[in-house]
Amino acid sequence: MTPPDEALVDEVGRAVEAVLFAAEQPLTLADLRAYVGDEADIAAALAALTDHYAGRGVELVERGGRWHFQTAPDLANFLRRDREDSRKLSRAGIETLAIIAYHEPVTRAEIEAIRGVQISKGTLDVLMEAGWIRPAGRREVPGRPLMYATTPEFLSHFGLASRRDLPGIDDLRAAGLLDPVDLAFEAAHSEAGGPEAVETADEDD
Amino acid sequence: MTPPDEALVDEVGRAVEAVLFAAEQPLTLADLRAYVGDEADIAAALAALTDHYAGRGVELVERGGRWHFQTAPDLANFLRRDREDSRKLSRAGIETLAIIAYHEPVTRAEIEAIRGVQISKGTLDVLMEAGWIRPAGRREVPGRPLMYATTPEFLSHFGLASRRDLPGIDDLRAAGLLDPVDLAFEAAHSEAGGPEAVETADEDD
Amino acid sequence: MTDPAPLTIDIDGWEGPLDLLLALARSQKVDLRQLSILQLVDQYLTYVNEARELKLELAADYLVMAAWLAYLKSALLLPRDPEIEPSPEEMALRLQLRLERLSAMREAGARLVARDRLGRDVFTRGAPEGLKTVRKSRWQAEIYDLIAAYGQISARTRPVMHIVAVRPVMTLEDAIHRVSELIGQRIDWSTIESFLPEDASGSYRKSALASSFVAALELAKQGRVEIRQKSPFAPLYLRGIEA
């Protein structure tokens, strides 16, 4: 399954391994190239290293195009420190983060439309302070509202290689649950061919 | 040479690997025991890990009874990269360099007398860093101040065969480079029939 | 109040009426697509009434939602009026779609935060050596900059010179000599111009006039000449004083 170790113990492989170990931040391919040199070898070295570390106590992962080593998730019980609550998010925070991640880029008004309630300024601040969301330009509609999107740190923190890895995102998209209500309404309407679409069963009252 | 991977991929080995990786400082056997548990297995795991990492980009080392991972010493050169930024010399820098080139060897006090403005130490440092000037002995006057002169790199950077190739004052005047602003002022003034005085504006940047 | 599924309601626990509606909908234990909107309306209105009886203060948006739901319920129960747009079924569908979406995001959020999170479940290296970027400056300057700079320094620091072109002037000494000689030959008041040489013209005449004026002042100081002028800019007259 894994390539022979000889393939790794070449200079580039060792250098990539050392640079990633020494790095304080996840590194992109371009970052690695700046330290180690040739690009093609680096991609190969990353693949070989990923294989080599698979199943060990430490693994090599890619998060949003950036690579880093981290401990294996199943060893959390050996490592957990008593700072579990340090990043406890409020329910509003979690929902807002999920809405941004699954819909990005998204405006505050769009977030509020989904949640059915205004979001307090603090909610977005907390997410920004955590480094998980960032302003992402303005929507070209009247008022030019600011849009929000997630950051590479968001992907790293939640262990996602990319936004495509967001739990259930494909199903949600297929079910139209990431479309705005208006769009879904049109779809449901034309599909069912009329208001009969919603049977309001009231027999069990 | 190395033991089979199976020996490592046991729970204790993986845990020790992860704990050492995540630790903020080198850990003793007792520290590891506190995280992982059983002592005998830990010693064995450390031995197996040491073997496993030998020759790789990262190695497991013991120093005074404490264990930690470190990048392989022979790869230190990969952990730093040089970035060359092209930077334009400041006005003070170029003036100082010009004075040294025309008057070398010259002391700092002499440069300041010619420029009419003090120069910061940083200015000379930059010129030294650029490799264009060098210390050139001391002037045998009280205080024995250091003198500066240009280097061969100075000549090659500016495309000069020797310092004699630098244009003289008369050449500069002929080229209109003898303070073009004031020359223009003078021309305008004499045209208007005023006194033919050469007024030199002496404000500095 | 003998609701079979009593909701012990903490009024502060709800993030708005939609959140409350979703919680009530979930209590129906059916897929949101099979939700009974009429039942949901009743659940909501019951809840609001309970809260009122307990004298709990409900935020305005809960009451707005209650009014809207009451209207929706009556519209759903009454015979269809094709004139009314949107139809009650459409309104119900929209409500159901909104609940679905909120529910989907709530579940997504829960799955997200349950993942193996960096710094909680998985850890990066505790003491990385760090990478260094050594910044080196490649200094740029052109030969033109160099010699132009030297040109400016030279021009700036050469001494300031006044070069006065050679031209005919009458010195003050000449003027004093001339005026004191001429004044002795005259008895009456004479204009200062009459003391200038006959042939003086141009800049020499200006110089002679200026010097003669200063000469006159000097002689007046010595008590040898009187000076008179009727008004500003009027002609200036001189007369010798009898010794």
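Each chain gets a letter, A, B and so on, in the order its sequence line appears, and its residues count up from 1.
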Please work out whether the ring planes of A:Tyr53 and B:Tyr53 are parallel, tilted or perpendicular, with thresholds of 30° and 60°. tilted

Which region of B:Asp74, side chain (C-beta onward) or backbone (N, CA, C, O), has a non-hydrogen atom less than 4.5 Å from a non-hydrogen atom of chain A, or is it both or neither? side chain

Do B:Glu11 and A:Phe78 have side-chain heavy atoms sitting under 4.5 Å apart? yes

Interchain contact, A:Glu59 with chain B, by part (heavy-atom threshold 4.5 Å): neither

Take atom CD in B:Gln118; do more than 12 heavy atoms of anything else shown fall under 6.0 Å from it? no

Could you grab the distance from atom CZ of B:Arg81 to atom CG of A:Leu32, nearest 0.5 Å is fine? 10.0 Å

List the atom of B:Thr71, the atom of A:Ala18, and the distance in Å for their closest heavy-atom pair. CG2-O, 3.3 Å

Spacing of B:Arg14 atom CZ and A:Arg56 atom CZ [to the nearest 0.5 Å]: 9.5 Å

A:Glu129 atom CD: more than 12 heavy-atom contacts under 6.0 Å: no

The interface call for B:Leu75 against chain A, heavy-atom contacts under 4.5 Å, is side chain

Among the listed options A:Ala72, A:Ala23, A:Ala22, A:Ala34, the residue most often paired with chain B at heavy-atom distances under 4.5 Å: A:Ala34

Closest approach of B:Phe21 to A:Gln70 (non-hydrogen atoms, all atoms of both residues): CE2-CA, 3.9 Å

